[in-house]
Structure formats: structure tokens, C-alpha cells
Amino acid sequence: MIEMPPGSEPLPQAEALRVERAIDLAAFVGTELAPGRWRSVTQDEVDQFVALTGDRNWVHTDVERARRELDGATIVPGQLLLALVPAFLQEAYVVIGATQSRAAALRSVRFRFPVRPGDMFRLRARLTLVEQRSHFVQVDAACDLELNSGQRALTSRRTDVFFD
């Protein structure tokens with residue numbers, strides 16, 4: 001779904017943190033994980049997302065009007081950006097031995113700066129809690145989508161649970 005702009009070379013990326021068990025992530029609480037690769041979203045991808053969700057707000061779809069009224073380009077729907085976070089988070093850390101994982105909660109979502117089709121962004125994540133529960137391990141992370149300008153486009157707090 002997301003791609004590098006035509007003609008651009010992928011930048012080197014640090015390896016994802018790999019652990020055998022989710023509880024092993026506890027050693028990294030408070031640590032910022034390696035940032036993900038730079039990505040972008042195309043207008044075609046925005047149009048496909050809008051068709052799927054029915055969010056037909058002109059700021060996402062009307063390229064000509066956006067050129068006139070929004071200083072050049074449409075705005076990528078925030079929900080599309082939020083939907084990309086799980087895949088990006090898998091670039092930050094991987095639990096090899098988990099038989100199953102689930103997103104359990106999404107909190108404090110803030111859309112802080114508009115993202116336009118073609119803008120480059122990446123995930124910056126920091127583990128904030130790793131705790132053994134009776135049947136699973138809870139992993140909380142602070143997740144920011146950072147634009148290549150340095151601005152944070154989206155911030156959120158995410159809870160995933162892992163089963164061994």
C-alpha cells in the first residue's frame with residue numbers, strides 16, 4: 001500500500017529489535033526503538049481508502065479544489081495513517097516466539113500536522129510498559145509518525161497483547 005516515491009533510493013534502516021518472548025521486551029522499556037523506513041502514500045491509495053471507508057471529505061479527494069484552497073495538495077486521511085501503524089510497528093520490534101498477538105487498545109490519538117500524498121514519513125516508537133499478565137504479556141508503546149521535516153503528524157499510545 002505504501003511506497004517510496006519514484007526515483008528515490010531507500011535509506012538504510014536499523015534492524016528491528018527481535019526477541020524470543022514478549023516479556024523480553026521489558027529490558028527495553030523507555031528506549032526509543034530504531035525508526036522505521038521513510039514511506040509515503042499516493043493519491044491513488046488515498047482514493048482507494050476513501051472508497052472503502054466512505055469518508056468523502058473533499059480535502060482528501062478533490063485534487064483541483066485542494067490546489068486552490070489548501071495550498072497545493074489534498075490531505076491523507078488520519079485514519080489511513082493510523083491504520084498503517086501496526087505494520088510500521090513490526091519494523092520496530094518482533095516477538096519471534098509469540099503464537100498470537102492482538103491490538104488491545106489505542107489511546108491518546110492526535111492528528112497534529114497534515115500529511116499530503118507524497119510526503120515522506122516514518123514511525124518512531126518507544127516502549128512504555130511491558131508486563132506479564134495471567135494469560136498474556138501486555139506491551140504498550142508510544143507511537144509517532146514523523147514527517148521528514150521533523151514534525152510529528154500523528155501521535156498515539158498503543159497496547160498489544162502477546163500469547164506464548
Walk me through whether D160 and R158 qualify under side chain to side chain contact (heavy atoms under 4.5 Å, CB included). CA-CA 7 Å; D160 291 292; R158 180 181 171 86; 3.0 Å; yes
Check whether any side-chain heavy atom of [X] lies under 4.5 Å from a side-chain heavy atom of [Y], and answer yes or no.
| X | Y | result |
| --- | --- | --- |
| V46 | T42 | no |
| I96 | R18 | yes |
| L154 | R110 | no |
| V115 | V41 | no |
| T53 | L80 | no |
| V137 | V161 | no |
| Q138 | T159 | yes |

Cluster question for you: counting only ILVMFWY and a side-chain heavy-atom cut-off of under 4.5 Å, with indirect links fine, are [X] and [Y] together?
| X | Y | answer |
| --- | --- | --- |
| I23 | V29 | yes |
| L70 | F49 | no |
| L89 | L106 | yes |
| I75 | F113 | no |
| V94 | V130 | no |

Evaluate the side chain to side chain contact (heavy atoms under 4.5 Å, CB included) criterion for residues V85 and C143: first the C-alpha distance (whole Å), next the side-chain angles of each, then the deciding distance (0.1 Å), finally the verdict. CA-CA 8 Å; V85 169; C143 300; 4.2 Å; yes
Rounded to the nearest 0.5 Å, how far apart are [atom1] of [X] and [atom2] of [Y]?
| X | Y | atom1 | atom2 | answer |
| --- | --- | --- | --- | --- |
| R102 | F163 | CZ | CZ | 4.5 Å |
| Q79 | L52 | CD | CG | 12.0 Å |
| T74 | E69 | OG1 | CD | 13.0 Å |
| F28 | L33 | CZ | CG | 8.5 Å |
| D164 | H135 | CG | NE2 | 13.0 Å |
| W38 | F121 | CH2 | CZ | 10.0 Å |

How close do [X] and [Y] get, heavy atom to heavy atom, and via which atoms?
| X | Y | value |
| --- | --- | --- |
| S156 | D144 | N-OD1, 4.4 Å |
| P117 | V76 | N-CG2, 3.7 Å |
| A142 | R157 | CB-NH1, 3.4 Å |
| M120 | S40 | SD-CB, 3.9 Å |

Flag the pair D24 and R21 as a salt bridge only when some basic side-chain nitrogen lies within less than 4.0 angstrom of an acidic carboxylate oxygen.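 Result for this pair is yes, salt bridge flagged.
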Identify whether the distance between the nearest side-chain nitrogen and carboxylate oxygen of R124 and E146 falls below 4.0 Å.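 Yes, charged N to carboxylate O under 4.0 Å.
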Mind running side chain to side chain contact (heavy atoms under 4.5 Å, CB included) on V139 and L127 for me, showing each step along the way? CA-CA 7 Å; V139 177; L127 296 176; 3.8 Å; yes
A quick test of your reading: do over 12 heavy atoms of other residues, nucleotides or ligands sit less than 6.0 Å from CG of D71? no
Check whether [X] reaches the backbone of [Y] with its side chain - one donor and one acceptor, N or O, closer than 3.5 Å.
| X | Y | result |
| --- | --- | --- |
| R126 | T31 | no |
| D62 | R65 | yes |
| E131 | D140 | no |

Steps toward side chain to side chain contact (heavy atoms under 4.5 Å, CB included) verdict (F111, T155): CA-CA 7 Å; F111 302 107; T155 60; over 6 Å; no
